[in-house]
Every structure is written in structure tokens, then in C-alpha cells.
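Computed over heavy atoms, backbone and side chain alike; hydrogens, waters and symmetry mates excluded.
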Amino acid sequence: MEPAERTEPKEQPKAATEELTSKVKDTYEWWNNLATINAEDPFLVGAMKIGVRLIGILILLALSPLILLGLMLGFLAAA
């Protein structure tokens, strides 16, 4: 009698929402690591990181009306 062959469980493909969530999480972690000020950073690097944070905030503020408009249009289209 031969022992039953062990089969590895097949990996299920990720759902689109899981992929998007993973991508957003990775991007946020990259951005946060880039803009985090460390104690050993020289003054110019710290100033650059503050500038990176400010640019990020400005980008989010600029995108927010467009995102809200898209959400409103989406709800109107679904209704």
C-alpha cells in the first residue's frame, strides 16, 4: 500500500479589494517611511522630509474635492 500523496492546497487568487487594500497599505508605508524624521537625520534631510509631508498634505487636499464629487456621482448613478 502506497501512502497517500500529500497535495499542497492551491492558493486562491486574491479578490480585487484585497489587492487594492494591500497596494494602498504598501504605498502608505513607503510614504510614511520616506517622510519620517529620525534623530540621526541632518538638518537638511529633516527639512526635506517636512517638505515631503507638506506636499503630501497638499496633494490630498487637492484630490479631496474630486474624490467627493466621484462619490456623489457614484451614489447618484446607483440610485
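Contact between T36 and K49 at its shortest, heavy atoms only, is O-NZ, 2.9 Å. Closest non-hydrogen pair, V52 versus L34, comes out as CG1-CD2, 4.0 Å.
In this structure, S22 contributes its side chain and E18 its backbone to no donor-acceptor pair below 3.5 Å. Side chain of N33 to backbone of E29: a donor-acceptor contact under 3.5 angstrom is found. In this structure a side-chain-to-backbone donor-acceptor pair under 3.5 Å is present from D41 to N38.
With I57 as reference, L61 is the one residue of L61, I55, L60 to meet the side-chain contact (heavy atoms from CB on, under 4.5 Å) rule.
Summarising the geometry, atom NZ belonging to K25 is positioned 14.0 Å from atom CG belonging to L20; distances are rounded to the nearest 0.5 Å. Put simply, CG on L68 and CG on L63 are 11.0 Å apart, with the number rounded to the nearest 0.5 Å.
Considering only heavy atoms from C-beta on, R53 comes within 4.5 Å of N32 through its side chain.
Hydrophobic clustering, with ILVMFWY side chains joined whenever heavy atoms are under 4.5 angstrom apart, keeps L54 apart from W31.
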